[in-house]
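What follows is a single structure, written as structure tokens, with notes after it.
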Amino acid sequence: ETKSNFIRFRYTSRGIQTVIYLDNAATTKPKQAVIDAINKCLIETWGNPSSLHTLGRDAKKVVDENRKIVADFIGAKPEEIIFTSGACEANSLAICGYLNGRHELLVTTSIEHKSIINIANAYPAKSIVIQVNKDGLGDLYQLERTLKSLSFFSKPLVSIQYANNEIGTIQDMQSISEIVHHYRGVLHTDATQIIPDREIDIRGIDMLSFSGQKLGAPKGIGVLYVRDGIELSPIIYGSQEQSRRGGTENVPYIAGLGAAINELEYNKGSIRDYFIRKVLKEIDDTYLVGNAYRLKNNASICFRGISGELLLLMLNERGIYASSGSACNHEPSHVLKAIGLSDDDIASTVRFTFGDQTKDDVDFVVDNIVEIVGILRKFNKAGV
Ligand code: PMP
């Protein structure tokens, strides 16, 4: 039974449809302090940081100050921070930069971001892919067996994401680090999704990537942390960033990233928990995909028997924005496949990633989901 008296749209007092943005894993809204820092930089410190005159030196000062903010934030030294265009580039630099010229293997998992999976696919002879269980946790026995089987002189690169962007699974990074280093490996982690979620300890991690757009900075700025002593070849040649990443520094966005870090408030889980409880209670044949221990903003839900994409489109009409799996990947999700979901369930899964929503927002969202799922299931039964 679907109720017909729901208010389907919410409007502000000025008659504008309200938007409930539940796609924070894809990107976050730039914060005002970030926009201000970027604007200030575009107006006042627009010089090239490599120029020796005052305008150049002022721009270099902005880069240096914000490099220190980033370094302090993750507990690294400023010279261990490389600014990139985002996490895709940081991942590519970590992996291709390490493997280039070395006869070493890449060991990674089946649920990495495409920026890593596609490197493993491009170099199948140099890559080993570790499987994950139904919760998305890496098979650490397979990791250990794999590393143990390598020559005593090898220094493989192990790249395992800290947290998954689709299902929110958080890996046991401490155990992974112990295994990797026991077998002389180098550990890189894609920390893009964990960075806005909680404080992490980078001791035990040799390289780490993240992206500004997940924490209130714009798209197009990211970071690769490289522990002192690890040598990387560049993938973009030039003299900047100690010749490890060419290209004039994106000074405004670097300033924006620093401002975002200064303003960062970690994800809170309570609204997400309220949403999950309510959805699972009010809609039959629905389950939470992945592990209960997950990113605090993530709810990946399978609504059996409906098209997740239709649900998304119908929610969109009502001002509610969610996502099917990852935003940058429109094929059936490799992550949901790797954790063993059937093709039908993959097509029925929707990812909600929360920001600063209220209980009231969640009530509105769930009412709408209940109604739409009801409609879609009725159509399915009718064979339409
Ligand atoms: N890794 C993960 C886990 C991500 O979620 C994303 C963003 N979708 C990226 C890498 C890539 O970040 P960017 O698009 O900013 O390069």
Side-chain angles (χ1 to χ4, degrees), residues 21-30 34 70 74 82-97 106 108-121 132 136-138 158-171 173 176 187-198 200 205 207-225 235-236 245 247 250 253-254 256-257 260-261 267 290-291 294-300 321-331 333-336 338-339 351-355:
Y21 182 74
L22 299 174
D23 202 12
N24 286 280
T27 200
T28 53
K29 184 178 174 188
V34 170
V70 173
I74 61 167
I82 301 177
F83 288 115
T84 67
S85 64
C88 285
E89 187 193 324
N91 289 340
S92 300
L93 174 55
I95 297 173
C96 300
L106 166 66
T108 187
T109 79
S110 52
I111 61 166
E112 299 300 312
H113 188 262
K114 283 281 178 176
S115 53
I116 291 173
I117 291 274
N118 286 353
I119 301 176
N121 289 341
V132 298
L137 288 167
V158 178
S159 177
I160 298 185
Q161 66 188 185
Y162 214 121
N164 184 265
N165 47 313
E166 293 190 38
I167 55 175
T169 303
I170 300 169
Q171 303 294 335
M173 211 36 81
I176 291 171
L187 177 60
H188 166 255
T189 186
D190 177 353
T192 305
Q193 296 289 343
I194 197 85
I195 286 283
D197 200 77
R198 64 196 65 195
I200 56 163
I205 295 171
M207 292 193 275
L208 174 145
S209 313
F210 68 93
S211 180
Q213 63 160 323
K214 316 291 179 177
L215 34 142
K219 289 142 276 296
I221 183 74
V223 169
L224 178 65
Y225 154 75
I235 55 173
I236 301 174
R245 198 273 186 181
N250 188 342
Y253 280 20
I254 289 171
L257 177 62
I261 289 172
N267 294 334
N291 205 352
R294 60 169 63 209
L295 292 172
K296 293 195 282 297
N297 70 354
N298 174 292
S300 175
Y321 303 158
S323 172
S324 62
S326 99
C328 21
N329 185 11
H330 294 290
E331 294 150 20
S333 159
H334 67 282
V335 173
L336 300 182
I339 63 169
R351 177 187 76 181
F352 304 88
T353 43
F354 289 80

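Counting convention: from 1, in listed order, for ligands and their atoms alike.
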Is a side-chain donor or acceptor of E112 paired with a backbone partner of Q161 at a separation under 3.5 angstrom?
-> yes
Output yes when the distance from some N or O of ligand 1 to some N or O of C88 is under 3.5 Å, and no in every other case.
-> yes
Just go through S211, G86, P218 and tell me whose heavy atom is the nearest to atom 15 (O) of ligand 1.
-> S211
Any N or O of D190 that comes nearer than 3.5 Å to an N or O of ligand 1?
-> yes
The answer for which part of K214 has a heavy atom under 4.0 Å from ligand 1 is side chain
Distance-only side-chain donor-acceptor flag, S209 / H188, under 3.5 Å | yes
Just jot down the salt bridge (charged side-chain N to carboxylate O under 4.0 Å, His left out) partners of R245, sequence neighbours excluded, or say none.
-> E89
Would you confirm whether S159, through its side chain, and T108, through its main-chain N or O, come within 3.5 Å as a donor-acceptor pair?
-> no
Residues forming a side chain to side chain donor-acceptor pair (under 3.5 Å) with D197, sequence neighbours excluded | N267, K296
Does any N or O atom in Q213 lie less than 3.5 angstrom from one in ligand 1, N or O only?
-> yes
Among S92, A191, S85, A87, the residue with a heavy atom nearest to atom 10 (C) of ligand 1 is A87
Side-chain donor-acceptor pair present, N291, T169, cut-off under 3.5 Å = no
Should Q193 be counted as touching ligand 1, given the test is an N or O pair under 3.5 Å?
-> yes
